[in-house]
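Right, one structure below, let's go through it.
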Amino acid sequence: MHLFYYSKWYRILNYWSDRNISGPKPIPYFGNTLRPILKGKECVDMEWYKTFGQFYGVYELAKPCLRVSDPVLIKQILVKDFYKFRNRKKNSVADKIAVFKNTLNRARDGHWKRIRALISPTFTSGKLKHMYPLINECCRDFLAALDRDVSTGRTEVDVKQLMGAYTMDVIASTTFSTKINPYSNPNNPFTSKSKAVFTERPVLTFLSLILPKFIINNNLWKIMVKDPEVATRFFIDFSMNLISERKKSDNKHNDFLQLLIDAEKEDNNTTTTTGADSVASDALEGHYVNDGVDQLMAEKQALSGVEEKKLTTDEILGQCFLFCAVGYETTASTLSYCLYELALNPDIQDLLVAETKEAFNENTADIDYETLCRLPLLDAVISETLRKYPPTLRLEREAMEDVMLTRDTDGSMFKIETGVPLEISVYAIHHDPDHYPDPEAFKPDRFLPQYCHHIKPYTYLPFGDGPRNCIAMRFALLIAKLVLAKMIQQFRLSRVPDTDVPIIFNSGPTLLHPTRLVLGVEKS
Ligand code: HEM
């Protein structure tokens with residue numbers, strides 16, 4: 001028996017060495033999954049990148065997975081050969097949760113293509129402009145709440161909580177036209193249920209992978225781990241009620257739910273984000289360092305030929321849930337890291353205050369959409385934040401057929417076999433001194449229009465790339481830029497004794513989280 005297990009594991013864990021691919025030494029049953037859980041995913045990714053370079057193999061339990069960080073191969077995987085790598089790798093935890101069967105991030109093949117083609121028009125700059133007043137209102141509520149706190153003597157804030165409240169308010173307003181009052185009611189169900197779905201529980205996630213089914217299907221276990229399926233129910237029921245109400249009434253709203261319902265009813269001709277509308281908006285921002293003709297072509301090809309032009313009710317529900325869940329943590333943490341760096345770099349904060357101050361209309365004390373998108377330092381500060389702290393540590397894909405990859409280092413060819421997952425270590429690439437000299441320093445200048453051409457394409461990937469990149473990139477940048485521009489006009493942030501320098505991360509299996517981010521705050 002012992003011999004049988006030994007030879008089975010020996011065979012499985014020799015997959016990479018049999019193919020001459022180096023990588024960290026796996027252990028039977030666990031593969032290479034233990035170390036990132038115990039030490040933090042970002043630290044281990046850096047360590048392996050330094051030791052094994054831009055092409056190495058790991059084992060997730062018994063499953064071989066290829067790690068790729070060579071920019072030429074990244075372009076091949078994400079853009080040029082998109083169709084051969086169109087799906088994300090399978091996820092045995094998420095794929096069991098019913099709602100994920102219809103969400104864009106987990107959908108596969110033709111199902112993904114159809115949903116993406118139908119909801120892409122929802123995120124064009126034209127549609128976002130209609131939502132601008134809703135986001136502006138959330139900014140006003142946020143600043144009024146902070147003003148109340150600071151006026152009554154508050155001198156320190158945990159920006160992670162603060163920006164979490166703002167982000168959830170924006171997402172609830174823009175998805176459902178619903179105000180959740182997160183400042184007077186911090187335990188509102190939107191925030192608590194979204195946290196329940198995406199709070200990282202690395203050890204429990206790991207146990208769910210290895211424990212027998214009779215334990216993980218047991219109700220007691222579900223209660224113990226605060227089963228995300230229970231939290232998803234809240235979003236589904238909430239969205240379902242709203243859909244029923246809207247179908248009965250003729251009132252139209254300027255929110256994502258309305259756009260998704262309309263996509264269900266109308267024969268929508270716009271199937272890509274590459275319409276004139278979005279190209280014009282992209283030209284306003286220096287953020288897009290990888291974009292090129294190949295990228296646009298790949299997107300056009302990937303989404304062409306969709307015939308069925310309706311979203312089912314389950315698909316609408318899936319996307320509503322997804323926007324609340326994935327949009328919350330990523331955007332809130334980006335804003336928190338950004339404020340943290342501004343507090344630690346007062347000279348950059350001063351420059352940003354000066355740039356944004358000029359952009360506000362003196363009469364209305366407001367800033368319009370185009371002006372906001374055009375501010376170079378604001379764009380550079382957010383880009384550098386996303387470089388240093390990419391919320392999604394790795395991108396994932398799966399080979400849909402056998403594909404030959406050529407390694408840049410020695411020109412050797414490697415055949416990746418059908419079904420083998422790939423991961424692109426975004427965090428490690430963003431911290432490579434060959435791509436970003438002095439990578440631990442916060443230097444927004446790297447992204448200013450006069451310098452950003454020095455950035456090598458496919459070494460800046462906070463939103464992924466290719467036809468399967470973050471569909472809401474423009475939306476996320478908009479809600480971050482607006483609140484930052486407004487906040488720093490009224491408040492000054494600073495480092496205080498409780499500020500953790502460096503940040504202490506609470507890294508889980510998917511996202512990069514700070515444990516807390518305490519900063520000093522005063523009226524400026
Ligand atoms: C700063 C904020 C955000 C960051 C850094 C971010 C990052 C990412 C990344 C890295 C991916 C994977 C891309 C790839 O595999 O190439 C992704 C996918 C996605 N994101 Fe975001 N995201 C952010 C905000 C949002 C928001 C606010 C929403 C929704 C309202 C959203 C919705 C999505 C969806 C639906 C996908 C899946 C796209 C697909 O599979 O076709 N994200 N995001």
Side-chain angles (χ1 to χ4, degrees), residues 74-75 77-79 82 85-89 91 94 100 102-109 111-120 122-123 127-128 131 135 163 166-168 170-176 194 198 255-257 259-260 272-273 287 290 295 298-299 302-303 315 318-338 382-383 385-398 421-427 429-430 458 460-481 483-484 510-512:
I74 294 175
K75 182 171 181 183
I77 294 161
L78 298 183
V79 180
F82 171 76
F85 298 100
R86 59 190 178 274
N87 293 333
R88 298 219 159 81
K89 65 177 194 183
N91 179 323
F100 280 118
N102 285 304
T103 60
L104 187 64
N105 64 335
R106 298 301 327 152
R108 293 170 73 86
D109 302 314
H111 189 207
W112 167 80
K113 177 172 169 165
R114 202 173 61 75
I115 301 179
R116 177 101 188 190
L118 280 167
I119 69 171
S120 283
T122 306
F123 288 96
K127 299 280 179 358
L128 295 183
M131 288 182 191
I135 306 173
M163 300 329 287
Y166 162 75
T167 307
M168 194 40 96
V170 174
I171 290 177
S173 294
T174 51
T175 308
F176 304 113
S194 181
F198 272 81
D255 59 18
F256 286 126
L257 178 61
L259 291 169
L260 294 171
T272 74
T273 52
H287 187 89
N290 301 336
Q295 158 86 30
E299 190 175 340
L303 300 184
E315 285 166 351
Q319 308 332 305
C320 288
F321 158 74
L322 186 65
F323 294 171
C324 296
V326 298
Y328 169 67
E329 192 63 50
T330 46
T331 313
S333 61
T334 302
L335 276 164
S336 316
Y337 294 127
C338 191
I382 293 181
S383 301
T385 305
L386 284 164
R387 182 209 52 92
K388 203 172 164 192
Y389 310 101
T392 310
L393 296 168
R394 298 177 196 149
L395 306 175
E396 322 167 341
R397 297 292 187 269
E398 187 183 288
L422 294 109
E423 285 185 326
I424 296 169
S425 306
V426 177
Y427 187 89
I429 298 170
H430 284 190
Y458 300 92
Y460 180 66
L461 299 158
F463 292 101
D465 212 300
R468 210 153 181 180
N469 68 349
C470 177
I471 196 167
M473 174 173 75
R474 232 175 271 125
F475 173 64
L477 289 172
L478 172 64
I479 60 184
K481 284 181 175 181
V483 75
L484 273 177
T510 50
L511 297 171
L512 187 67

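By convention here, the first residue in the shown sequence is residue 1. This structure is a prediction, so every number in the text was calculated from the model and none was measured. Remember, it's 1-based here, ligands and their atoms both numbered in the order they're listed.
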Put together the list of close N/O pairs, under 3.5 Å, between ligand 1 and the protein, could you?
unit_1	atom_1	unit_2	atom_2	d
ligand 1	15 (O)	R88	NH2	2.9
ligand 1	15 (O)	R397	NH1	2.7
ligand 1	15 (O)	R397	NH2	3.3
ligand 1	16 (O)	R397	NH2	2.8
ligand 1	16 (O)	D465	N	3.4
ligand 1	16 (O)	R468	O	3.3
ligand 1	40 (O)	R88	NH1	2.8
ligand 1	40 (O)	R88	NH2	3.4
ligand 1	40 (O)	L104	O	3.4
ligand 1	40 (O)	R468	NE	2.9
ligand 1	40 (O)	R468	NH2	3.4
ligand 1	41 (O)	W112	NE1	2.8
ligand 1	41 (O)	R116	NH1	2.8

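With hydrogens and angles ignored, the 3.5 Å screen pairs a side-chain donor or acceptor of Q319 with a backbone N or O of N102.
Once rounded to the nearest 0.5 Å, the distance linking CD1 of I77 with CG of L422 reads 5.0 Å. Distance check, rounded to the nearest 0.5 Å: OH of Y337 to CZ of R387 gives 13.5 Å.
A ring-centre distance under 6.0 Å is not found for F176 and F323.
Here the side chains of D109 and R86 are in contact, with some heavy-atom distance below 4.5 Å.
Using cut-offs of 30° and 60° on the angle between ring planes, the pair F123 and F256 is tilted.
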